[in-house]
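Step one of this worksheet: look at the structure below.
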Amino acid sequence: MIQVLLGLLAGSLLIALTVTVQAKFIEPSLWPALRYNLMILPIIYIANTLLNVSFTKGQGSFGSLAVVVGTQVGIYMTCLVIFSAFLLHQYPSWNTLFGVALLVAGAIVLNR
């Protein structure tokens with residue numbers, strides 16, 4: 001179970017970091033975005049592999065794919081809020097924090 005959670009955390013962290021870095025440093029036009037996405041392809045491959053293994057093992061451990069995916073969504077959104085605050089200086093509003101709290105609570109409810 002710890003391996004599943006660590007895989008979900010690592011995969012979600014990598015994807016959230018690449019998205020936040022793209023929003024901060026990459027010009028929003030076709031060629032810079034394409035070049036950036038080609039450069040981070042190995043990182044995205046590793047992140048997706050970690051998530052794939054975690055989804056497969058988690059589904060077996062928890063007995064429900066919805067629990068695993070719900071947990072991953074909560075982790076990913078939390079990572080995005082943290083990276084947005086530190087890298088983009090976009091601090092979360094109460095609505096954002098409430099929404100993330102609802103996602104985390106939903107994952108907990110799914111797990112019961």
Side-chain angles (χ1 to χ4, degrees):
M1 184 162 99
I2 296 295
Q3 288 178 331
V4 170
L5 293 175
L6 287 176
L8 292 175
L9 178 64
S12 297
L13 277 170
L14 286 172
I15 292 175
L17 183 61
T18 58
V19 168
T20 309
V21 167
Q22 182 175 1
K24 171 107 176 151
F25 298 110
I26 306 303
E27 180 185 333
S29 60
L30 180 64
W31 295 115
L34 181 62
R35 189 177 67 169
Y36 175 75
N37 281 290
L38 286 174
M39 286 185 346
I40 65 164
L41 198 56
I43 295 169
I44 295 297
Y45 180 79
I46 291 168
N48 280 327
T49 301
L50 287 167
L51 291 175
N52 183 344
V53 170
S54 298
F55 288 157
T56 305
K57 286 187 176 193
Q59 191 272 334
S61 297
F62 295 109
S64 172
L65 184 60
V67 170
V68 181
V69 173
T71 303
Q72 189 269 332
V73 168
I75 292 170
Y76 175 70
M77 292 304 295
T78 304
C79 293
L80 273 179
V81 168
I82 292 167
F83 288 144
S84 292
F86 285 112
L87 293 175
L88 301 176
H89 305 290
Q90 295 176 349
Y91 300 101
S93 67
W94 288 107
N95 291 339
T96 302
L97 294 175
F98 183 66
V100 171
L102 283 176
L103 285 169
V104 172
I108 292 169
V109 169
L110 281 171
N111 199 14
R112 303 237 171 223

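What you are looking at is a predicted structure, and each value in this text was computed from that prediction instead of being measured.
Smallest separation of non-hydrogen atoms from Leu65 and Gln59: N-CG, 3.8 Å. The two residues Leu8 and Ser12 make their nearest non-hydrogen contact at O-OG, 2.8 Å. Taking all atoms of both residues into account, the shortest heavy-atom contact from Leu50 to Ala10 is CD1-CB, 3.8 Å. Scanning all heavy atoms of the two residues, the minimum distance from Ala47 to Leu14 falls at CB-CB, 3.8 Å. In plain terms, the two heavy atoms of Gly58 and Val68 that are nearest each other are C-CG2, 3.4 Å.
Under a hydrophobic clustering in which Ile, Leu, Val, Met, Phe, Trp and Tyr are joined whenever their side-chain heavy atoms come within less than 4.5 Å, directly or via other members, Val69 and Val53 fall into different clusters. Criterion: ILVMFWY side-chain heavy atoms under 4.5 Å apart, direct or through other members. Under it, Phe98 and Val104 are not part of a common hydrophobic cluster. There is no path of hydrophobic side-chain contacts, each under 4.5 Å, that joins Leu102 to Leu97. Under a hydrophobic clustering in which Ile, Leu, Val, Met, Phe, Trp and Tyr are joined whenever their side-chain heavy atoms come within less than 4.5 Å, directly or via other members, Tyr45 and Phe55 fall into different clusters. The cluster map of Ile, Leu, Val, Met, Phe, Trp and Tyr, joined by side-chain heavy atoms under 4.5 Å apart, puts Val100 and Leu88 in different clusters.
Hydrophobic cluster of Phe86: the remaining members, joined at side-chain heavy-atom separations below 4.5 Å, are Ile82, listed by chain and number.
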Could you go through Met1 and Val4, starting from their C-alpha distance and side-chain angles, then the distance that decides it, and tell me whether this counts as side chain to side chain contact (heavy atoms under 4.5 Å, CB included)?
CA-CA 5 Å; Met1 184 162 99; Val4 170; 5.6 Å; no
Where do Ile40 and Val21 land on the side chain to side chain contact (heavy atoms under 4.5 Å, CB included) test, with the steps shown first?
CA-CA 11 Å; Ile40 65 164; Val21 167; over 6 Å; no
Output, in order, the C-alpha distance, side-chain angles, deciding distance and verdict of side chain to side chain contact (heavy atoms under 4.5 Å, CB included) for Leu5 and Thr71.
CA-CA 9 Å; Leu5 293 175; Thr71 303; 4.2 Å; yes
If you apply the rule side chain to side chain contact (heavy atoms under 4.5 Å, CB included), what do you find for Leu34 with Trp31, and how did you get there?
CA-CA 5 Å; Leu34 181 62; Trp31 295 115; 3.4 Å; yes
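Around atom OH of Tyr91, more than 12 heavy atoms belonging to other residues, nucleotides or ligands sit under 6.0 Å away.
Partners of Thr96 by side chain to side chain donor-acceptor pair (under 3.5 Å), not counting sequence neighbours, listed by chain and number: Ser93.
Tyr76 has its side chain out of reach of Leu51: every pair of non-hydrogen atoms, C-beta onward, lies at least 4.5 Å apart. Considering only heavy atoms from C-beta on, Leu17 stays 4.5 Å or farther from Ile43 through its side chain.
To the nearest 0.5 Å, atom OG1 of residue Thr18 and atom CG of residue Leu13 are 10.5 Å apart. Rounding to the nearest 0.5 Å places OG1 of Thr56 at 4.5 Å from CG of Asn52. Distance check: Arg35 CZ to Leu38 CG gives 10.0 Å after rounding to the nearest 0.5 Å. Once rounded to the nearest 0.5 Å, the distance linking CG of Leu6 with OG of Ser54 reads 8.5 Å. Distance check, rounded to the nearest 0.5 Å: CG of Leu87 to CZ of Phe25 gives 6.5 Å. The structure places CD of Glu27 at 12.0 Å from CD of Gln22, a figure rounded to the nearest 0.5 Å.
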